[in-house]
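Everything numeric in this text was worked out from a predicted model, so none of it was measured. We count ligands from 1, going down the list as the structure has it; atoms in each ligand are counted the same way.
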Amino acid sequence: MNSILLAGNWKMNGNMLQVNQLIDAVLLAKIPAIEWMIFPPSIYLSTCQQRLLESSVAWGAQDVSAHCNGAYTGEVSASMLADMDCRNVLIGHSERRHGLGEDNAVIAEKFARALEENLQPILCVGETLTQRESGESEAAVLDQLASVFPCLTISQPKQLIVAYEPVWAIGTGVHASTSDVASMHQSIADYITSETDMLPSQVRVLYGGSVKPSNAEPLILVDRVDGFLVGGASLNNQFTQIGEICSSLF
Ligand code: PGA
């Protein structure tokens, strides 16, 4: 990879003023070797379309419907996202898997809808604390990956982006150890290249879970960490600080 992908998941935070301020910050952050991608609440996607279409900052939706269209109140379809020039979408974030009960089958449907509309999915995977404590972390993560592989026959994306986010590390201030991140990222990359037609150079594995300026350096130096999916620290100037730290090491 020739750049580090820093993706900010703003979750259900902010208002129009703050969204514009956060967009200003990434637009001003001309940091070498950093690729920015932001995921605002869906109501602000049109603001991103207006402000970022001509820029190098990418944006995406935090979720997409598993359905194409119809009577699904509150849902947003992949074709609607594409219609708004939105090219990326988070799929299977922990807060949807574990907070809203989305299982691997639903997530595979969402992944399929995204590929049908040529959106770039960022598939989020990660084990729970119980799975970790029972030594099932790798099995859980590879199972989550395997569930979307059949979708790759729909249209193979140019790259497959996976965010490894241990559930117990999200929003807790506790990040996974560099050795755990190293072995999981290697397993993810190996599994994808052995089970699909994706080449190693087409696979990007991001780490997510309590990434902040104070831990960005050791984490980005881990082999096969191609960037970060940042939650809390993407809502303030820590996001660009993380970019500066990563860029200085590149
Ligand atoms: P966090 O969230 O950085 O606040 O832990 C990461 C995420 O949910 O993607």
- Message: Counting only heavy atoms from other residues, nucleotides and ligands, does the tally under 6.0 Å from CG of D197 exceed 12?
- Response: no

- Should E116 and C68 count as side-chain neighbours, where that means a heavy-atom distance under 4.5 Å? yes

- Message: Please tell me whether T128 and Q131 have a donor and an acceptor in their side chains that are separated by less than 3.5 angstrom.
- Response: yes

- Item | Within the 4.0 Å heavy-atom sphere of ligand 1, strictly under, residues | N9, K11, H93, E165, A169, I170, G171, G209, S210, L229, V230, G231, G232

- Item | Hydrophobic cluster (4.5 angstrom, side-chain heavy atoms) - remaining members for L206 | L5, M37, F39, L90, I122, I161, L229

- For L129, the hydrophobic cluster (side chain heavy atoms closer than 4.5 Å, chained through members) also holds W168, V174

- For L142, check side chain to side chain contact (heavy atoms under 4.5 Å, CB included) against everything at least two apart and list the hits. E138, L145, Y191

